[in-house]
Amino acid sequence: YKAKETHSQTCIFESSMDGLVLESLELEAELRQAIVKNELHVYYQPKVDAGSEKIVGFEALLRWVHSDRGMISPGVFIPLAEQTGLIHEIGLWVIEDVCRQLRQWADQDYAIVPVAVNLSAKQFQSVDLAKQVATILDSYHIDSSWFEFELTESMIMQNPLSSIRIMKELKDLGLRLAVDDFGTGYSSLNYLRRLPLDYLKIDRSFIDDVTQDLSADAVATSIIGIARSLGMQTIAEGVETAEQLMFLKDNNCDFIQGFYFYRPMPVDDATSLLERSC
Ligand code: C2E
Ligand code: MG
Ligand code: MG
Ligand code: MG
């Protein structure tokens with residue numbers, strides 16, 4: 001009886017070892033090595049002011065350039081890093097790499113624009129986040145107004161009360177905070193008004209459909225209205241066409257991000273953009 005059970009378990013194990021499971025075990029081992037092997041790179045995607053179309057900030061987007069597999073999307077390896085706990089190490093590396101870069105830009109007298117870093121759920125919930133961030137900002141002499149975080153609604157709503165506390169700690173450091181992918185989660189408007197937020201980022205799914213679908217138009221303009229009445233600003237993500245841009249300008253969206261203006265780019269290209277705007 002025992003042997004039979006063991007046998008059947010072995011079979012289940014073996015049959016699931018092909019494909020995805022094996023793949024992600026390998027990937028996990030390789031992700032552990034990625035930092036030391038210098039395979040992680042921060043790309044920078046500009047955000048522009050909707051009126052002047054001038055660059056007003058960057059979003060830091062992580063890239064993994066794997067030696068044989070090529071570029072691996074953060075959509076694949078960030079969830080893996082979350083599951084395995086590697087996200088703590090990787091997340092701190094991103095924050096530090098961005099601060100190192102900001103320091104270099106400042107030392108070269110470029111006009112600095114703030115850089116927004118994405119946080120994952122586990123990072124956000126870790127007890128020492130604000131303290132760790134403060135230490136890194138300090139050691140690179142980074143003005144806290146140069147640094148922003150993007151959080152998602154689901155991260156915040158998992159535990160609204162402790163989220164408010166953590167967000168206040170980050171705000172006390174002088175950082176600005178954005179809600180990413182806004183409109184796709186389940187934010188209660190009652191919490192939203194109590195959150196110390198600076199920006200709502202309108203999710204790409206609504207931007208994709210504006211000018212084609214009246215309900216997407218209505219959602220986008222409602223988000224802009226809610227943000228305005230709560231004293232926050234709006235950023236549209238995933239803007240790809242002139243029509244989308246026109247719609248957003250007409251409806252008083254504050255900032256625009258998307259392939260229409262710029263794709264995420266390696267740091268040297270971002271530096272050239274700063275050079276030109278000096
Ligand atoms: P996100 O923060 O919502 O980032 C926006 C995503 O949309 C990025 O994908 C960006 O490259 C893409 N994008 C920007 N403009 C356009 C556009 O006009 N059209 C289209 N089709 N896409 C556009 P990416 O770089 O693949 O990142 C995916 C997600 O991975 C991010 O979504 C974010 O949640 C996560 N991520 C990226 N870097 C980090 C990081 O350093 N830490 C954490 N925790 N998560 C990260
Ligand atoms: Mg983001
Ligand atoms: Mg987003
Ligand atoms: Mg999105």
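For ligands, and for the atoms within them, numbers begin at 1 and follow the listed sequence.
- Within the listing of ligand 1, atoms 3 (O) sit less than 4.0 angstrom from a heavy atom of Glu237.
- Between the side chain of Ser73 and the main chain of Gly75, a donor-acceptor pair closer than 3.5 Å is present.
- Formation of a donor-acceptor pair under 3.5 Å by the Asp217 side chain with backbone atoms of Thr211 is found in this model.
- Atom numbering of ligand 1 starts at 1 in the shown order; those under 4.0 Å from a heavy atom of Ser120 are 44 (N).
- Between Phe261 and Phe259, a ring centre-to-centre spacing not shorter than 6.0 Å is recorded.
- Residue contacts with ligand 1 for Lys201 are absent, since no atom lies close enough (heavy atoms, distance under 4.0 Å).
- In summary, Glu59 places an N/O/S atom under 2.8 Å from the Mg ion (ligand 2), meeting the contact criterion.
- Atoms of ligand 1 found under 4.0 Å from any heavy atom of Gln45, numbered from 1 in the order shown, are 14 (C), 15 (N).
- For the pair Asp198 and Lys171, the salt-bridge criterion is met [side-chain N within less than 4.0 Å of a carboxylate O].
- With Tyr140 as the aromatic partner, Arg103 does not meet the cation-pi criteria of under 6.0 angstrom to the ring centre and within 45 degrees of the ring axis.
- Comparing Gln244, Lys122, Glu240 by heavy-atom distance to atom 21 (N) of ligand 1, the nearest is Glu240.
- For Glu59, every heavy-atom contact with ligand 1 shorter than 4.0 Å involves the side chain, none the backbone.
- Heavy-atom proximity to Gly258, at under 4.0 Å, picks out these atoms of ligand 1: 15 (N), 18 (O).
- Remark: aromatic rings of Trp105 and Phe58 are close, center separation under 6.0 Å.
- Within Asp180, OD2 is the N, O or S atom that lies nearest to the Mg ion (ligand 2).
- Contact annotation for Asp180 and ligand 1: only side-chain heavy atoms (C-beta onward) come within less than 4.0 Å of the ligand.
- Close approach of ligand 1 to Pro264 (heavy-atom distance below 4.0 Å) involves ligand atoms 11 (O).
- Within 6.0 Å of the NZ atom in Lys168, the count of heavy atoms belonging to other residues, nucleotides or ligands does not exceed 12.
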**Worked verdict on Met71 versus His66 for side-chain contact (heavy atoms from CB on, under 4.5 Å)** = CA-CA 6 Å; Met71 185 95 90; His66 188 283; over 6 Å; no
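- When heavy-atom distances to ligand 1 are checked against a 4.0 Å cut-off, Asn118 comes that close through both its backbone and its side chain.
- A salt bridge is defined here as a Lys NZ or Arg NE, NH1 or NH2 lying under 4.0 Å from an Asp or Glu carboxylate O, and Glu59 with Lys47 fails to meet this definition.
- Short contacts between ligand 1 and Val94, defined as distances under 4.0 Å to a heavy atom of the residue, involve ligand atoms 41 (O).
- Glu237 contributes OE1 and Asp181 contributes OD1; the angle these two atoms make at the Mg ion (ligand 3) is 110°, rounded to 10°.
- When heavy-atom distances to ligand 1 are checked against a 4.0 Å cut-off, Leu62 comes that close through both its backbone and its side chain.
- Note: no N/O pair closer than 3.5 Å links Ile87 and ligand 1 by distance alone.
- Only side-chain heavy atoms of Arg204 come within less than 4.0 Å of ligand 1; its backbone N, CA, C and O stay farther off.
- Minimum-distance N/O/S atom of Glu150 relative to the Mg ion (ligand 2): OE1.
- Of the possible polar contacts, none joining the Asp269 side chain to the Met265 backbone as a donor-acceptor pair under 3.5 Å is found.
- Residue-level proximity to ligand 1 for Ile90 is absent, since no heavy atom of it falls below 4.0 angstrom.
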